[in-house]
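In what follows, chains are A, B, ... by sequence order, proteins preceding strands, each numbered from 1.
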Amino acid sequence: MSKFCGACGAARDPQARFCPECGAPFGATPAPPAAPYPPAEAVGTHTIPTQATLPGAAPGRAPGQGPEQVYGGWQALPPPPRRSGGTATKWLAGSVAVVAVVAGGVVAWQFLKPGGGTGSPEAAADKFVTAIASQDLAGTIESIAPGEVTGMEKVFDSARAKLGHAGVVDGSGPLLAAADVKVSGLKFSVHDEGTNLARVELTAGRYDVTYDPSKLPSALKAFAQAHPDTLHASGDLVASFKDAIASQGACVAPSEEECHLPQGAASTGPELVAEKQGGGWYVSLFGTAAQLVVDSIDADADAGIQVDPDFKAYDDAPAPITGKTPQDVVDHLVSAVNKQDVGALLANLPADEARVLQPYGAAVQDLLVGADLQGEAKVDALNVDSTAEGDYLKVSLRSAKASADFTDDDGDEVGGQLTLQGMCYSGWDLGDTEPDQDCVPDQVKRTLGIDSWTVWLRKVSGGYQFDPVATAANNAATVIDAVPTSLISTGVQDFLRDAGVASDDAS
Amino acid sequence: MRMLLWAAAGAAWVVECFLSWTRSGLLAASSMLDAARLIRSGVLGALAPGWVAYALLVLPACGVVLLGTAPVRRRWAVRARWLVALVGVLAAGAALHVLVGWSPARLGPGGWLAVLGSGLALAGFVLDIGHGDATGPPH
């Protein structure tokens, strides 16, 4: 069997019955020279040759003719010219196939690769700021340290659903559809504070905000009609932040009256704290909040305090402290409070939430040493109900008794006693003559959907740790789900009334 | 020409999963691939079940298939492209409905690429039909 097509000479697939290039059937013998035309004088009266009369003709086909050509008995067509682009087409086809394989591999790798985050602290900060501005929940969650956002998407989803029922959010668009925020020209300066920790300072950037009342949700339509003008604001992000810090200041004086505003100005732009976890960089909300407090305190010249976080404490963090039972967890927390050991206190919390706070805890530790507190706290008679929920232990408090008695270097005493029974409490501060006692009203319990004080412990290597993020997220989701939609609608009506706008709803 | 059309459609559907899909709101600063990874890792578990992570990859998977079969003219490849194109167009339509409610003003670069890929796939289908590829050389 020939390896090439007898008609056009293209390479032949042994399994194919027809040539992919010219369509000629394989197996035909090479065409003999075409028969000559009949003499001109016989054109008008000639007898059309039949298939059998033409030499070398395969039944049903003339030599060199494709399957679509009608057999006419005239001179057989010469074989089609060999396509000069055959090689180029093959190269192009091969290249496209290679691209397809590579593309599939890249998509699969990006989807399946372990860990997340970005490749650098500034990329994490950029993604965080951009996602917040564009109200992208997925982008925001992706840019924040995983331990700090676990469960928060449930809260967001519950809130969105509830607000949607109340008409405060429409459709599937952004939560604040009327506000279009754009940030641009973001530039960052990175201050490395160790292998896995960095402060990322925003050094340049602009914001542009457009408020379009026509995009307000249906529940606020009356407000939009009363104030139909589109508003626009833009400015420098860094300058705006510094102005905000200067106007807020930080008051660390013992009483509100002794605070002075405004006193200082931030010496730096807004700082985000980035942490490397699992090979990728994320923004740490806890670290960023702590850094903001530090920056605010440092900016308040009247406070006369400079807080210096010890970033080495991040790498030197104590080993995690865990408990086998809820009582153990509480005992370890109380022990750390009694030792006034902030590092140990933070070590009782999940590392992916609390380790980033170790540098700031070291600064608080210095302040505690200065205050020279003496005393202790105790938690007795702890009575709880525990329910396992995946990697968590839901702990509902039935009863407990706690007390604290501390004295500072001035001889001032701080402390008291607290007894919890279900959702009733009884307690007093040192110096009170009789206890203060009350219970959470049944109406409030029903409205908030809460019938006990509940915390969540996370299962980690060695036991359990109190998880503040899971506790906050689960309690918030419970409350949001329980809050009646009518309560939100009432709140909207009150807002419209305060704004001097008549609402469309009679409720 | 048809090969290039199909390849371009496939490339568009692959690239779209790396770009932000909307101009504001969900996936305005992240991509379909980011969302799929988050859902698969359980971080967005409260928002979407695990299978959604794989559903978000249907469009780029269709793109890879279109890219891979674009040079092949056999009847089976032609029919496969049509079927994959149909699946891809439906997936793109579902994403457009869920993410932007069919509003072009809210589309981001990824969304526009998905629309472009759908248009190119449709053009490739029309040209295939016009060229009689349905009755082309059998495999």
Side-chain angles (χ1 to χ4, degrees), chain A residues 15-20 23 89-90 92-97 99-101 103-104 106-108 110-116 127-143 146 149-158 171-175 177 179-182 473 477, chain B residues 3-4 6-7 10-11 14-15 17-18 20-48 53-54 56-57 60-61 63-74 97-101 103 106 108 132 136-139:
Chain A
Q15 305 296 326
R17 293 170 52 203
F18 292 89
C19 174
T89 303
K90 284 183 181 61
L92 184 60
S95 302
V96 170
V99 168
V101 171
V106 169
V107 172
Q110 288 292 325
F111 175 64
L112 295 171
K113 68 177 182 179
K127 179 151 193 159
F128 175 75
V129 173
T130 306
I132 289 272
S134 55
Q135 303 181 56
D136 179 3
L137 174 65
T140 303
I141 286 179
E142 196 192 9
S143 61
V149 292
T150 303
M152 298 310 284
E153 79 281 4
K154 188 163 56 172
V155 175
F156 184 88
D157 192 52
S158 296
S172 62
L175 209 57
D180 185 31
V181 180
K182 294 276 187 291
Chain B
M3 177 177 79
L4 289 177
W6 283 115
V14 170
V15 174
C17 76
F18 293 95
S20 58
W21 246 75
T22 64
R23 293 185 63 241
S24 64
L26 191 63
L27 299 192
S30 50
S31 66
M32 282 286 196
L33 206 47
D34 292 334
R37 205 168 41 232
L38 281 175
I39 294 172
R40 189 182 84 91
S41 67
V43 174
L44 290 182
L47 289 183
Y54 299 94
L56 292 178
L57 297 182
V64 169
V65 173
L66 289 187
L67 263 178
T69 60
V72 185
R73 294 193 204 176
R74 306 295 178 86
H97 171 68
V98 170
L99 290 173
V100 300
S103 168
R106 292 177 51 197
H139 53 278

I'd like to verify something: which residue of [options] has the highest number of heavy-atom pairs under 4.5 Å with chain B?
{"options": "A/Val99, A/Leu112, A/Thr140, A/Ile132", "value": "A/Leu112"}
{"options": "A/Lys127, A/Gln135, A/Glu142", "value": "A/Glu142"}
{"options": "A/Ala138, A/Gly139, A/Ala103", "value": "A/Ala138"}

Problem set entry | Test side chain to side chain donor-acceptor pair (under 3.5 Å) applied to A/Asp136 - qualifying residues, sequence neighbours left out | B/Ser30

Problem set entry | side chain to side chain donor-acceptor pair (under 3.5 Å) against A/Thr130, all qualifying residues, sequence neighbours excluded | A/Asp126

Could you look at [X] and say if it's the side chain, the backbone, both or neither that has a heavy atom under 4.5 Å from chain A?
{"X": "B/Leu56", "answer": "neither"}
{"X": "B/Leu4", "answer": "side chain"}
{"X": "B/Arg37", "answer": "both"}
{"X": "B/Leu38", "answer": "side chain"}
{"X": "B/Ala36", "answer": "both"}
{"X": "B/Ala11", "answer": "neither"}

Exercise. Near B/Arg23 CZ, under 6.0 Å, is it more than 12 heavy atoms from other residues, nucleotides or ligands?
Worked result: no

Just so I understand: if I count every heavy-atom pair under 4.5 Å between each of [options] and chain A, which residue has the most?
{"options": "B/Ser31, B/Ser41, B/Ala53", "value": "B/Ala53"}
{"options": "B/Val15, B/Thr22, B/Thr69, B/Leu27", "value": "B/Leu27"}
{"options": "B/Asp34, B/Val72, B/Val64, B/Leu33", "value": "B/Asp34"}

